[in-house]
Amino acid sequence: PERVVLELHPKLGCRVSDGRGARWLLRDGRVQAGTQLPAPPWLPELDVLIAPDTAGLTRLLGELGIDVATNELGRCGNQDCFVLGGRSGAAQLWIDKDSFEVVELRLSDGRRIEFAEPRAWSGARFPGEIRIHDEWGKIATLSVEAAGPATDLRAEDFSRRWVDVAPTAPAP
């Protein structure tokens, strides 16, 4: 799709809608529901950007198969990164050593999600671009056009009902 809307909540997860009328709910590193399953490989795992606290992040990393007891240093571009899960781990989280911002997430299914340097958006910091790769190459690049706090999202907005009432895709 040409347009994708990502809505994130630190406790409720992420909801994604595309310009074709499809919707997905993601929570704790998994697709909870969707109008199309299995979910497309271009859906980024974003919970690592919004984990509400240490316990939530530790739980999420465990769900993703990242060994939080293993931490190494590695180069990511021009900077040094902490590599949670270790550089040889099946799943890894790369974090900039100085800013502590997430740089890359490597999943055990072979996908890599790269987060471009975060930009300031309405008082929040969020990557300006998200690149998703699989073991064969780039799947998608999501260019962020706008980001900011959503004040009107509630628990029911992250429910199966939201997925089920997805608008129908526009006629070709």
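Start at 1 with the first residue, then count along the sequence. What you see below is based on every heavy atom in this structure, not just the backbone, and it leaves out hydrogens, waters and symmetry mates. Keep in mind that what you see is a predicted model, and the values were worked out from it rather than measured.
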Problem set entry | Heavy-atom pair of closest approach, residues Arg160 and Leu25 | N-CD1, 3.9 Å
Seminar exercise, completed: For Leu142 and Pro44, the nearest pair of non-hydrogen atoms, with its separation, is CD1-CG, 3.7 Å
Exercise. Quick one: side chain to side chain contact (heavy atoms under 4.5 Å, CB included) partners of Thr58, sequence neighbours excluded?
Worked result: Thr54, Val68
Exercise. Do Leu93 and Leu64 have side-chain heavy atoms sitting under 4.5 Å apart?
Worked result: no
Problem set entry | Counterpart residues, side chain to side chain contact (heavy atoms under 4.5 Å, CB included), relative to Pro52 (two or more places apart) | Pro10, Lys11
Problem set entry | Note, Cys76 side chain near Trp94 side chain (heavy atom, < 4.5 Å) | yes
For this session: Please examine the side chains of Val5 and Val16, heavy atoms only from C-beta on, and report whether any two atoms are closer than 4.5 Å.
Result: no
Exercise. Which is it for Arg20 and Asp18 under the salt bridge (charged side-chain N to carboxylate O under 4.0 Å, His left out) test, yes or no, and what are the steps along the way?
Worked result: CA-CA 5 Å; Arg20 299 176 182 159; Asp18 72 13; 5.4 Å; no
Seminar exercise, completed: Looking only at heavy atoms, the pair that brings Ala147 and Ser122 closest together is O-OG, 3.7 Å
Exercise. Is Glu63 paired with Arg30 through a side-chain N to carboxylate O contact shorter than 4.0 Å?
Worked result: yes
Exercise. Can you list the residues that meet the side chain to side chain contact (heavy atoms under 4.5 Å, CB included) rule with Asp28, with sequence neighbours excluded?
Worked result: Arg59
For this session: Could you tell me whether a side-chain N or O of Arg111 sits under 3.5 Å from a main-chain N or O of Pro41, the two making a donor and an acceptor?
Result: yes
Exercise. Within 45 degrees of the axis of the six-membered ring of Trp121 and under 6.0 Å from its centre: does Arg119 put its NZ or CZ there?
Worked result: yes
Exercise. Who pairs with Glu135 by salt bridge (charged side-chain N to carboxylate O under 4.0 Å, His left out), at least two apart in sequence or on another chain?
Worked result: none
Exercise. Where is the tightest heavy-atom contact between Gly56 and Ala51, given as atom of each residue plus distance?
Worked result: C-CB, 4.4 Å
For this session: Specify whether Trp24 and Trp42 have parallel, tilted or perpendicular ring planes, treating 30° as the upper limit for parallel and 60° as the lower limit for perpendicular.
Result: perpendicular
Seminar exercise, completed: Applying side chain to side chain contact (heavy atoms under 4.5 Å, CB included) to Arg27 and not counting sequence neighbours gives Gln32, Phe158
Exercise. So, do Leu46 and Leu26 sit near enough that their side-chain heavy atoms are less than 4.5 Å apart?
Worked result: no
Exercise. Counting distance only, does the side-chain N/O of Arg131 pair as donor-acceptor with the main-chain N or O of Thr141 below 3.5 Å?
Worked result: no
Problem set entry | Selection residues 64-86 - residue pairs positive for side chain to side chain donor-acceptor pair (under 3.5 Å), sequence neighbours left out | Asp67-Thr70, Arg75-Asp80, Gln79-Asp96
Exercise. Same hydrophobic cluster for Ile50 and Val48, using side-chain heavy-atom links shorter than 4.5 Å among ILVMFWY?
Worked result: yes
Exercise. Would you find a donor on one side and an acceptor on the other, under 3.5 Å apart, between the side chain of Gln92 and the backbone of Arg87?
Worked result: yes
